[in-house]
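As structure tokens, the structure follows; a few thoughts come after it.
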Amino acid sequence: MNARPWTFLVATMAVAASTGVARAAEWRSDPAASRLAIAATFEGASVPGAFRAFDVRLRLDPANPAAGSLEATIQVASADFGIADVNREIVKREWFDALAHPQAVFRSRDLARLDADRFRARGTLTLKGVARPVEFPFTFVVRPDGAALEGALVLQRGAFGIGQGEWAATNVIGADVKVNFAVKLVPMP
């Protein structure tokens, strides 16, 4: 057997290892162990809720985050504020317009490391047919049973046409919507 092919393979692997070439890990959310919480305000009081159906995909090499991507798809009709009347209203045209726009989608191809386990995602959120730039920090930690992706951001509901007509004013329902996420990730097959 000729040793030359083996020598070439070993040399190629050594060069790749010494130059830091690494493959990004690909992850997807575990829905049963993940949470996407939202909080609006009604007459100054916080009204917490959550989206029950969403999917997150992350491609990340912590040594080279710029080559990564983050995508989240949210089923807007899954919004649950724990109040039946609110849940029936929030899917209507004045709010999420779930019939015409069943999904909200965040896509980022611009990830950057902030420190050891903190990163920044800069991308586009498309909600109710409106696309806006969004940026937020997040933590990413690999654990024995997968990984954890956590973070928070504040959105302006009016920028996406959420709350139209009599609900456009911000004196009853505030302008800011707080979003918190704690996503358990599992490796993609």
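These values consider heavy atoms only, across backbone and side chains, with no hydrogens, waters or symmetry-generated copies.
Sorted by first and then second residue, the ring-ring contact (aromatic ring centres under 6.0 Å, His included) pairs with a member in residues 47-85 read Phe51-Phe96; sequence neighbours excluded. Within the structure, the ring-ring contact (aromatic ring centres under 6.0 Å, His included) test picks out the following pairs touching residues 104-129 (sequence neighbours left out): Phe106-Phe136, Phe119-Phe138. Listed by first then second residue, pairs satisfying salt bridge (Lys or Arg N to Asp or Glu O under 4.0 Å) with a partner in residues 36-45 number zero, not counting sequence neighbours. Among residues at least two apart or in separate chains, salt bridge (Lys or Arg N to Asp or Glu O under 4.0 Å) pairs with a member in residues 91-105 are Glu89-Lys92.
The same ILVMFWY cluster, assembled from side-chain heavy atoms under 4.5 Å apart, contains both Val130 and Leu125. Criterion: ILVMFWY side-chain heavy atoms under 4.5 Å apart, direct or through other members. Under it, Val154 and Leu36 are not part of a common hydrophobic cluster.
Put simply, the side chain of Arg122 never gets that close to the backbone of Asp110: no donor and acceptor are under 3.5 Å apart. A donor-acceptor pair is defined here as one N or O able to donate and one able to accept, closer than 3.5 Å; such a pair exists between the side chain of Lys128 and the backbone of Trp95. Here the side chain of Ser29 pairs no donor or acceptor atom with the backbone of Pro31 at under 3.5 angstrom.
Among residues two or more places apart in sequence or in another chain, the salt bridge (Lys or Arg N to Asp or Glu O under 4.0 Å) test is passed with Arg118 by Asp115. In terms of the salt bridge (Lys or Arg N to Asp or Glu O under 4.0 Å) criterion, residue partners of Arg52 (sequence neighbours excluded) are, by chain and number, Asp80. Under the rule for a side chain to side chain donor-acceptor pair (under 3.5 Å), the partners of Arg57 that lie at least two apart in sequence or sit in another chain are Asp55. For Glu71, the side chain to side chain donor-acceptor pair (under 3.5 Å) test picks out Arg107, with sequence neighbours left out. Residues meeting the side chain to side chain donor-acceptor pair (under 3.5 Å) test with Arg143, sequence neighbours left out: none. For the side chain to side chain donor-acceptor pair (under 3.5 Å) test, no residue two or more places apart in sequence or in another chain qualifies with Arg28. Residues passing the side chain to side chain contact (heavy atoms under 4.5 Å, CB included) test with Ala40, sequence neighbours excluded: none.
Looking only at side-chain heavy atoms (C-beta outward), Ser34 and Val56 stay at 4.5 Å or farther from each other. Looking at Val76 and Leu127, their side chains come closer than 4.5 Å, going by heavy atoms from C-beta outward.
Listed here is the closest heavy atom pair of Ser78 and Ala53: OG-N, 3.0 Å. Residues Ala121 and Leu70 share a closest heavy-atom pair of CB-CD2, 4.1 Å. Contact detail for Ile90 and Ala79: the closest heavy-atom pair is CG2-CB, 4.1 Å. Of all the heavy atoms in Ala131 and Thr126, the pair that sits closest is CB-OG1, 3.7 Å. Across all their heavy atoms, Pro65 and Pro62 have their closest contact at CD-O, 3.4 Å.
Rounding to the nearest 0.5 Å gives a distance of 12.5 Å between CD1 of Ile38 and CZ of Arg157.
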- Start with the C-alpha distance between Val86 and Val47, add both sets of side-chain angles, then the distance that settles side chain to side chain contact (heavy atoms under 4.5 Å, CB included), and finish with yes or no. CA-CA 10 Å; Val86 172; Val47 180; 5.8 Å; no
- In sequence, state the C-alpha distance, the side-chain angles, and the governing distance for Leu149 and Trp27, and then conclude on side chain to side chain contact (heavy atoms under 4.5 Å, CB included). CA-CA 10 Å; Leu149 174 73; Trp27 304 89; over 6 Å; no
- Message: Test side chain to side chain contact (heavy atoms under 4.5 Å, CB included) on Ile162 and Leu155; report intermediate values, then the result.
- Response: CA-CA 11 Å; Ile162 306 297; Leu155 298 173; over 6 Å; no
Run the side-chain donor-acceptor check on residues 165-189: report pairs under 3.5 Å with partners two or more places apart or on a different chain.
residue: Asp176; atom: OD1; partner: Gln156; partner atom: NE2; Å: 2.3
residue: Lys184; atom: NZ; partner: Asp145; partner atom: OD2; Å: 3.3

